[in-house]
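Beneath this line is the structure, given in structure tokens, with notes to follow.
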Amino acid sequence: MLTQAPAAPLAEASAKDHRTWGFTASTGLGFTHHTIVDAHFRACAEPYQELLERAGIQRGWRVLDAGCGPGEFLPWLAELVGPEGRVSAVDLAEENAALAAARVAAWRSPCPVDVRQGDLLRLPYPDDSFDAVWCANTVQYLDDGQLGRALAELRRVVRPGGVVAVKELDAHLITARPADPYLFADFFRAAGQVPGYARQLTRSRELYRWLRAAGLAEVRQQTMVIEHYAPLSGSAREFYGLSCARLAEQAGRLGLSGEWRRFLDPDGPDHPLDDPDGYISEGNVLAVGTVPGPSRRE
């Protein structure tokens with residue numbers, strides 16, 4: 001197993017600050033501000049690490065973290081490739097890229113790591129620059145047309161024989177107890193009636209066909225359920241309390257079940273996640289494909 005990623009050296013906003021700015025980075029995309037991204041990563045670090053290890057990244061490789069956010073995966077990627085490898089990272093939000101670079105500077109990496117601001121739809125790298133791309137919790141922000149373009153870019157920058165690995169949240173497996181077992185399913189069915197973020201969160205189980213359509217070969221996919229039982233860890237309670245509150249606000253606007261009111265206040269005295277039998281789960285999909293052509297290294 002990889003060692004635990006080092007703690008962020010910079011002060012983070014408090015949980016209550018999340019509610020003020022609505023989890024949004026400068027890009028305007030929800031759930032991309034580094035505080036909510038960090039909270040999610042801390043809550044799910046162990047299964048995230050396991051999925052990364054299943055991507056097939058090898059020692060000595062040049063790897064791109066596409067959509068790196070504030071850089072949580074960078075220490076693990078650097079450890080995987082070792083001193084003979086190299087890690088690059090790119091994120092659309094300039095402040096996330098700057099924070100990732102600051103974090104890299106604060107720990108001793110076993111290999112060179114460089115971070116820049118950039119767009120997955122126009123990656124700032126030449127063809128065949130990398131042996132692998134790791135793209136985690138990022139394609140949920142892309143509509144169908146953008147997803148196809150982004151996967152074409154990921155394929156473009158990876159050499160023949162190299163690996164494209166996409167990890168994404170699967171909203172179909174989000175559920176909480178004690179609560180109506182269909183509460184979250186009904187939410188995503190209603191919110192996903194129109195194109196947008198909610199619908200894109202239910203697309204993850206189809207990633208295998210998107211990778212095939214992008215021309216990748218030897219595509220494989222697996223789905224992991226991440227479960228949290230009462231008493232939830234501090235990081236899990238923080239993240240899921242805040243994210244459920246955001247969904248509850250949207251559920252109210254959609255006219256959905258009044259049961260959502262129990263999730264509105266993350267600190268509410270009867271919050272379901274604080275019940276002795278409290279439970280919440282989410283799904284994560286890992287889809288991996290190989291760039292066709294003779295395997296080679298530049």
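Please read these numbers as outputs of a predicted model, since none were measured by experiment.
- With sequence neighbours left out, Asp270 forms a salt bridge (Lys or Arg N to Asp or Glu O under 4.0 Å) with no residue at all.
- Following chains of ILVMFWY side-chain contacts shorter than 4.5 Å, one cannot reach Val87 starting from Val90, and the two form parts of different hydrophobic clusters.
- Cluster membership check: Leu173 does not share its hydrophobic cluster with Val166, using side-chain heavy-atom separations under 4.5 Å among Ile, Leu, Val, Met, Phe, Trp and Tyr.
- A salt bridge links Arg237 to Asp274: one of the charged nitrogens lies within less than 4.0 Å of a carboxylate oxygen.
- Applying the 6.0 Å contact sphere to CZ of Arg189 captures no more than 12 heavy atoms from other residues, nucleotides or ligands.
- Atom CG of residue Leu169 and atom CD of residue Gln200 lie 12.5 Å apart, to the nearest 0.5 angstrom.
- To the nearest 0.5 angstrom, Lys167 atom NZ is 5.5 Å from Phe73 atom CZ.
- Taking SG of Cys68 as the reference point, atom CG of Leu77 lies at 10.0 Å (rounded to 0.5 Å).
- Of the possible donor and acceptor atoms, none in the side chain of Asn96 sits under 3.5 Å from a partner among the backbone N and O of Gly69.
- The backbone N or O of Gly192 sits less than 3.5 Å from a side-chain atom of Arg199, completing a donor-acceptor pair.
- Between the side chain of Glu227 and the backbone N or O of Tyr279 there is no donor-acceptor pair closer than 3.5 Å.
- No donor-acceptor distance shorter than 3.5 angstrom exists from the side chain of Gln221 to the backbone of Val285, with no hydrogens or angles considered.
- Note on Leu64 and Val163: separate hydrophobic clusters, where clusters join Ile, Leu, Val, Met, Phe, Trp and Tyr whose side-chain heavy atoms are under 4.5 Å apart, directly or indirectly.
- A distance-only check finds no donor-acceptor pair linking the side chain of Arg54 to the backbone of Gln222 [under 3.5 Å].
- Under the 4.5 Å side-chain heavy-atom criterion for grouping Ile, Leu, Val, Met, Phe, Trp and Tyr, Tyr240 is not connected to Leu264 through any hydrophobic cluster.
- In this structure, the separation between CG on Asn284 and OH on Tyr48 is 5.0 Å, given to the nearest 0.5 Å.
- Hydrophobic clustering of Ile, Leu, Val, Met, Phe, Trp and Tyr side chains at less than 4.5 Å, counting indirect connections, keeps Leu92 apart from Leu151.
- Within the model, atoms CG of Leu273 and CD of Glu238 stand 13.0 Å from one another, a figure rounded to the nearest 0.5 Å.
- No donor-acceptor pair closer than 3.5 Å links the side chain of Arg155 to the backbone N or O of Leu216.
- Salt bridge Arg103/Asp38: present, at least one basic N to carboxylate O contact under 4.0 Å.
- The minimum heavy-atom distance linking His172 with Arg205 is given by the pair CB-NH2, 3.8 Å.
- Under the 4.0 Å criterion applied to side-chain N and carboxylate O atoms, Arg209 and Glu206 are assigned as salt-bridge partners.
- When atom types are taken as modelled, the side chain of Glu218 and the backbone of Thr290 share no donor-acceptor pair closer than 3.5 angstrom.
- In this structure, His271 has its ring center under 6.0 Å from that of Phe263.
- Using a 4.0 Å cut-off between charged side-chain N and carboxylate O, Arg86 and Asp114 make a salt bridge.
- In this structure, Phe239 has its ring center at least 6.0 angstrom away from the ring center of Phe41.
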